[in-house]
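Protein chains get the first letters and strands the later ones, always in sequence-line order, with residue 1 at the start of each.
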Amino acid sequence: MSPRRRPSGGRIDRLRTIRFTFDGTAFTGHQGDTLASALLANGVSLFGRSFKYHRPRGLLTAGVDEPNALVTVLRGDVREPNIPATMVEIHDGLVAVSQNRFPSLAYDVSAVNQLGGKVLSAGFYYKTFMGPVVGPLKGTRFWMLCEKIIRRAAGLGRAGHAPDTARYERMNAFCDVLVVGSGPAGLAAAREAAASGANVILAELDPQFGGSANWSGETIDGEPAAAWASDIVGELRDQANVRLLKRTTVWGYYDDNTLAAVERVSDHKASPAKGAPRHRHWTIRAGKVVLATGAFERPLVFPGNDRPGVVMASAAQRYANEFGVLPGDKVAVFTNNDSAYRSAVALNNAGATVATIVDVRAEISEECHTLARQCGAELIVGHAVTATEGGKKLTGIKLAPFTEAAGALSSGARSVEADCLLMSGGWSPTIHLASQAGARPLWDAELQAFLPPEAGKGWVGAGAFNGTFSTAQAIAEGFAAGRVAADLAMVEIGTLPDVEPAALDPRPAPVFEIRAKGKSFVDFQHDVTSDDVRLAHIEGFVSVEHLKRYTTLGMATDQGKGSNVPGLAIMAEALGKPIPEVGTTRFRPPYAPVSVGALAAERFGDLKPERLTPMHDWHLDNEATMYSAGLWFRPMIYGGPGETIEQAYVREARVTRETAGIVDVSTLGKIAVQGPDAAELLDRAYSNVFSTLPVGKARYGLMLREDGLVFDDGTTWRLGDNDFLMTTTTANAGKVMQHLEYFLDVVWPDLKVHLTSVTDQWAGAAIGGPKAREILAACVTGTKVDNEALPFMGIVHGEIAGAPVMICRLSFSGEMAFEVYSGAGHGIHVWEALIEAGQPFGMVPYGLEALGTMRIEKGHVTGAEIDGRTSARDLHLGWMLSRKKPFIGSAMMDREGLVASGRLELVGLVSLDNRPLSGGAHIVEDVDMDNPHGSLGHITAACFSPALEKYIALALVADGKARHGKRAHVSDPLRDRFGPVEIVSHHFFDPEGKRMHG
Amino acid sequence: MLITCPYCGPRDVSEFAYQGDGNRSRPDPSSTDLAAWNAYVYDRLNPAGAHNEIWQHAGGCRAHLAVVRDTLSHEISSVRFAREKGAPAHGRRKSGAKP
Amino acid sequence: MAEYSAFSLLRNALSGNRDWKPAWRKPSPKASYDVVVIGGGGHGLSTAYYLAKEHGITNVAVLEKGYLGSGNVGRNTTAVRSNYLLPQNTRFYEHSMKMWENLSHELNYNVMFSQRGVLNLAHTPGQLDDLARKGNAMRHLGVDADLMTPAQIGRRVPGLDMSQSARFPIYGGLIQESAGTARHDAVAWGYARGADRRGVDIIENCEVTGFLRDGDRVTGVTTSRGEIRAKKIAVAVAGSTGRVMQLAGIERMPIESHVLQAFVSESLKPFLDTVVTFGMGHFYVGQSDKGGLIYGGDLDGYNSYAQRGSLPIVEEVMSEMLALFPSLATVRVLRSWGGVCDMSMDGSPIIATGPLPGMYLNCGWCYGGFKATPASGFCFAHTIARDAPHELNAPFTLDRFSRGTVIDDKGQGPTPRMH
Amino acid sequence: MVEQLSPLAAVFRPGSHGNFVDGVGVTLSEMAPGSIVQLAAWPGEEKKLIAAITSLTGLKLADGAGAGAASERHTVFGFAPGKFLLTDTAEGLVSAAGVVTPAMGTITDLSHGRTAIRVAGPRSEWVLAKLFAVDFSLVAFPQGSGISTAHHDIFAQIQRSGPDRFDLYVFRSFARSFWKMLCHASDEVGYEVR
């Protein structure tokens, strides 16, 4: 048993010894210990270094508000930085290291920063490091040089770069009542709500339920409070309508009572159970929320208040009562309120000597006198601590007479030896979630604290959250809150539970700071001192937000849980205004830091699902290199051995134009447009006319946006009078669907049309080339495919290898081509039959690159040209704009800016130096490699054309059509490619369409 | 935020797609009044307070909903199918301008 | 007022830091001014500063509803860049960039502008071509831009998932080395101090409640601190444009107010010196000099003035961060907040005279306003002083929508949430 | 007739997986009905359409959002105003559905376009709650009824076909990704694929 561990008491299991290391040293602790309690038990007092001055720091708290004792937990190569030691449960094999120190925690060279003293005051960096106005360090350079050095010193823990292999999961939950916090108030609320049959979730951030009942030392109805709590938890655990979540921090209160919580499922284990996550991110939609989140004890601000050994009084009590650990042997207490007296008694009961209790108040209650006597302490009222002594560990304190009214010290200083100083500056209710929910806190001058306002619409509060510091009252409020939340009629609570000992007076003296010589810390982690707050005042940064931003007060990992109110109080004093006039802080999520992994949860490592065509596996089996197109995967090329991408696509395109090729077009968006007004809808949505399209035929259509610019294109097939199959581009399938749905539902609700996404219903294969028809004829049954039965844009129904197919003769490649649609479940079957039929002809499968090559040769547009800025005329599609009817976009498409000269128009380019062109290269009249300028436009797509045996491209060029036949240059400084091109029509190949019309 | 879809019941905002200002009325399709079209396509009511909006339950029944939602509190005071009465009636705040 | 320097810092430290003066005065509003600027954010303050400095107009008041800089200047993710596709935008933002480079000297206030580079990632060959198009467009306007190979990116940005098995593998990127970050609050405070030193009255906690009118002309404002008359009234309240214009009787604007969330992680030892953006979603991340990762993503996607975001976007942003940096799963989010963005119909701002006589309008910054702060103020001041735009803001008119001369860098059309 | 190929074939691993030492929490299977058809009524024609469904399948459908029913052969449920998903273990339902006249509404064959996955077992609600922001409790989601929802990009229609059993219809192209997510989510409770 270590020197500071008491032989009995607390929730730790002394029969179970756990081994862990801290900074490489092996330690032992017990089941139930936190890293903080275990190290404390081992006599460790130095836990970390502060941010700016690298001052040595010990444990200040026992919970989530810890600003000092931050560690990095290592799991193999995976680092988890900045975890408060108070929140780490030890387990066998735990490896933790301290941070922000070099070379070691005990000897940190950056501690020299403390010598900077007042030069490094708040905001000093705004006033210097600007450097010279001229010379090599002008502009931003001097600052950036300084910044390099600053960045080397900055930061707390170090993040690792090894991928985290842990699991994170998300869980959606719904309940009638969510109770946040399981202290006496929360337990009472949960019990009452659950008894009514309501679905209840009880969330507790600690590893065990009970809150203060676990360490208060009180008895409730004759039973130790911890036992009382565990009885209730036992009851709740057996109820089907109750879900108990421990190690669960409710960190966010979002709109409509959506609360976010993170459950640390496996952090306390050496390894998680199979399939179990490390963290589980709960999204809880609650009917009502009971906020029973308790309160934080506040530090007092006085010189040396950050020396290791100075600890919050309630935290010391927790260490003694909950963990059986004494934070010191010889204890002093410094307080402005009654609650610390109970802490002193607790430490005394646990075996510590309480040397002195220093109280700023001149007069204290009889109970406090009794308690001081009970723990054998010298009671020094009307005094304040003015300094702490010792190096990296407290050895004593200095005190002096203090008058509360004047806030002034007077002579008569003395010293007291102590290795631990308990401090208490009053309590701040944990109102963060209520604040997130929009409540504006109210200052209570009696309690010297911000209290939540009256219950909000979605929540009700109970216990210390409300500023109710009596356990008996808190239980009564919990009971009432449980009934309110469960929508039950209020009943008279019989008698208050009998809590011993009786509650003390909760009102502290309004003393926040003892002004004496030396650094007095307000924000411990960020080293913000009371002088920094006053400097902010002198410089006019007096609103609470300016104070925070200028001094960084409250911006540390503890988010100002302890420092906000003292900081405000010091500013208020400087301004000579009451605290509420300085302002209150609005709390934002998260209440406590949350791992990014937990929030990414089920999408960690799987950001987006993959969309696969029915033929996906075939492509992979046939050496396809896949290309991600949105969520889809499509073959880019089918690479032969040793082929480059260019060789592969040129081969695929060439063979297709010579004999035949086949490409998977299943990704095209497909929308079933059905109903008596289907044709009318299409007439309104497309710029061209569809109502005249005969059944059994397809037509190419163009859609504009309302603003008159091009939206999407595709073919639409008329399968019946009232039955159309619309195809869209792959990329815009979802957008087109939403666009049409919007018009049908909101603008034209009278049209009788149903839209259904049938993209996934159909597998599509486009087969093109001079032999395409012969290949089809060889495998299609039930229909002819000759010119008569299947003219250009005709549709037939038949079978391939026994599977029903629908074939439309249309062409993107410019060849005689057919799109063969089959049920997706028959996709591979039909595809393989087509491949087999094509084999005698030497047909090849081709990918997106060859598809792109052939469409460039034909001058067909895709998303690269339909980029949201081009008009139909820019793309030479003006002929598709019907003059016979209005359509979406028709009213806006002729605005002056859209018909002005100088617009970028689609052209073709031919490389005149026989070198490749690239998408994204710009076009200029005269090349200037050193100072590129005068861009006329840019290349949208480029390829080597096997049909033309040239490098060609499509481009958008200012007044492009007028430049046909003229020379220009590519200017691509990013890829150092410059060279001459000829601007030509975008119809490079077979402009009359002889090949596809056959 | 939860939106209570008249068909599907209360659902998380992530299931819905925002379609913007529900106060706009589309000019007659054959109208050539460019000012009216400009107002319809580009101008929006943008009140700080109750706002008539169109949302689509895109991750659900796909119906478009006419929603009245407060842009300061995010509180929703009414939801109905957009197609039932076309665009919702104006419930917007009066201008605070002085004459 | 004393100049700031290392020397003054030392001298004041020796006297216990008791002799500093307020960074700006706290005057009461006068009855009238030559120019009243509504909005004490970055743009309003810089406008006032340049009115005084460039045009000698010093009888100016800046009216701020809350505390100075309480809007988007203190809520953004601090990136400064000029990597735009369309020349109107690139020219304007590049002018801003040049102003940033001397801003600390100009203001005698270290705004910590750090040209650490902004890197856009490409995840498909097509995206890389798109970035090349943008980078070449920048180069043709004299703006620096370079493509990076995956190997170069891997060396520069530790922790990035460079594997080919990534769901969205990295094919390359476009870097603007001169881009970077600045300390956002310092920009507001520096301009405030600079304007104040030139005689501008900065009036905090002064909410405009209405406009004084003489026919169509605006002649002043009513405020929570009384009536203030002015010859010219400049509105620079991006985020609240809808609200303020409504006070002037203008109900409809080509603007929607949307909330954008931002996040900061706990402080980490700096490892990310470049601002990185993801190409398969809306995500960007940088690391501050204090060590916090500052990052954000997409708009929440609905009208809001609440400065409060929703949970689905939080999850989305975090998953995008891990798609790029899988090792950061153990890093913890410290704070999140929301800013209200003026989303315009084409994603570009409006800096113009009007829409009422006597009024000048600066709005529609979407989520790109911070980096524009110097040029916005510079151009707006010019527009106010001369009653005509500077050539840099000449394209950013209010009538460009009806005329069809929109400046749509993302090609999304009149769908503000998509810009 | 040519048999449909399942999009799950490559990732379908029959047997027990995950943490199944204490028994399997869920059983995952592909249902592969012969037919999946969408029926959609014109405004005001919904009752007639429901009657037609009854005449076709013998299933009685309550009036109201999401109402559904099932027999050995057929399942049906409403998933949107006036819209129903109807399945048949046999193929060819779309041609039999001629009882739905054009005056009533439309018929759309989705037999190939949707993949039907069954999640059954005591931990079904727990596993599905990981993926969907929907209250799966029996009170909120009664037996037989159906809903439309989404898991991020993946749209899903779900029918509760038993106290501990849910039938999910997802777009075929997403089915493999979805199946992998489902298996991953089921690891913790142990699952059997069959």
Please flag which part of C:Val406 lies under 4.5 Å from any non-hydrogen atom of chain B: side chain, backbone, both or neither.
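Interface part for C:Val406: side chain.
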Side chains of [X] and [Y] in contact at under 4.5 Å (non-hydrogen atoms):
X: C:Arg243; Y: B:Leu72; value: yes
X: C:Met253; Y: B:Tyr42; value: no
X: B:Arg69; Y: C:Asn303; value: yes
X: C:Glu256; Y: B:His51; value: no
X: C:Tyr302; Y: B:Trp55; value: yes
X: C:Pro416; Y: B:Arg44; value: yes
X: B:Tyr18; Y: C:Asp300; value: no

Highest number of heavy-atom pairs under 4.5 Å with chain B: which of C:Ser402, C:Ser240, C:Gly215, C:Gly242?
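Most heavy-atom pairs under 4.5 Å with chain B: C:Ser402.
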Gap separating the CD atom of C:Glu316 from the OG atom of B:Ser14, nearest 0.5 angstrom
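The distance works out to 10.0 Å.
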Spacing of B:Asp43 atom CG and C:Ile255 atom CD1 [to the nearest 0.5 Å]:
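Taking CG in B:Asp43 and CD1 in C:Ile255, the distance rounds to 10.0 Å.
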Looking only at non-hydrogen atoms, find the nearest pair between B:Val13 and C:Pro312 and report the distance.
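Heavy atoms of B:Val13 and C:Pro312 come nearest at CG1-CG, 3.8 Å.
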Where do B:His74 and C:Ser304 come nearest, in terms of heavy atoms and distance?
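Nearest pair, atom of B:His74 first, then C:Ser304: NE2-OG, 2.6 Å.
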B:Asp12 portion near chain C, given a 4.5 angstrom heavy-atom threshold:
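Only the side chain of B:Asp12 comes within 4.5 Å of chain C.
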Sorted by number, residues from residues 351-359 of chain C in contact with chain B (heavy atoms, under 4.5 Å)
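Heavy-atom contacts from residues 351-359 of chain C to chain B are absent.
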Can a side-chain donor-acceptor contact be found between C:Ser257 and B:Asn46 if the only test is distance below 3.5 angstrom?
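A donor-acceptor contact under 3.5 Å links the two side chains.
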